[in-house]
Amino acid sequence: MKTIFEKLIAISFIITACLLFLSAWSLMAWSIWKSLIALIYSGSISEGLLNMISVVVIAMAVIEVGRYIIEEEIYLSRTQDPLSQKEITGGVVKIFVIIIISVGLEGLVYLFKAGLKNISLLPYPAIIIFASVLALVGLGIYQKLTKTDPRSTAP
């Protein structure tokens, strides 16, 4: 019974990862299509490219989450020993870095959009970039607090 349940969970993770990949690739294809339409009909490529960058950043974050699901839940056997604190911390850090990079890039894209449209819109992207910097500082603090000192475990 346990092996059937484990196979069902593994299949669920595979389906979830495949749906994430399909959604991300669809987002990228849609953004390319919208950029081409913007170039053909409006002649302005800058806004189309900025929109495409924004969507591609989100799609890459989704792909990275799908990759993480496959690595952690499919390739690593669920029958192995329980994960160590270091492995758990590494997984949390990976996901958090994905979020920080995505938020930072979105802030940069919105910064350029605000510069093209209206300079009074700059506070919003500045807040987004500041939030990504705070998240990065928080990640550094988290890593510092969860770091195990090899000297303290010596016999």
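Below, all heavy atoms of this structure are taken into account, side chains as well, without hydrogens, waters or symmetry copies. Owing to the predicted nature of the structure, the values given are computational and were not obtained by experimental measurement.
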Count I, L, V, M, F, W, Y as connected when their side-chain heavy atoms are under 4.5 Å apart, and connections chain through other members. Are [X] and [Y] then in the same cluster?
| X | Y | result |
| --- | --- | --- |
| Leu19 | Met28 | no |
| Ile69 | Phe5 | yes |
| Phe130 | Val137 | no |
| Met60 | Leu22 | no |
| Ile127 | Val133 | no |

Where do Arg67 and Ile98 land on the side chain to side chain contact (heavy atoms under 4.5 Å, CB included) test, with the steps shown first? CA-CA 12 Å; Arg67 182 181 68 89; Ile98 294 166; 5.8 Å; no

[atom1]-[atom2] distance between [X] and [Y], expressed to the nearest 0.5 angstrom:
| X | Y | atom1 | atom2 | result |
| --- | --- | --- | --- | --- |
| Cys18 | Phe13 | SG | CZ | 13.5 Å |
| Thr16 | Ile11 | OG1 | CD1 | 11.5 Å |
| Leu122 | Ile129 | CG | CD1 | 9.5 Å |
| Leu139 | Ser132 | CG | OG | 12.0 Å |
| Ile58 | Ile53 | CD1 | CD1 | 12.5 Å |

Got a sec, which pairs hit salt bridge (Lys or Arg N to Asp or Glu O under 4.0 Å) with one end in residues 89-112, sequence neighbours left out? Glu71-Lys94

Which heavy-atom pair separates [X] from [Y] by the least distance, and what is that distance?
| X | Y | value |
| --- | --- | --- |
| Ala17 | Gly66 | CB-O, 4.0 Å |
| Ile63 | Phe21 | O-CE2, 3.5 Å |
| Val55 | Leu27 | CG1-O, 3.4 Å |
| Gly107 | Pro125 | O-CB, 3.5 Å |

Partner of Val103 under side-chain contact (heavy atoms from CB on, under 4.5 Å), picked from Ile99, Ile101, Leu105, is Ile99

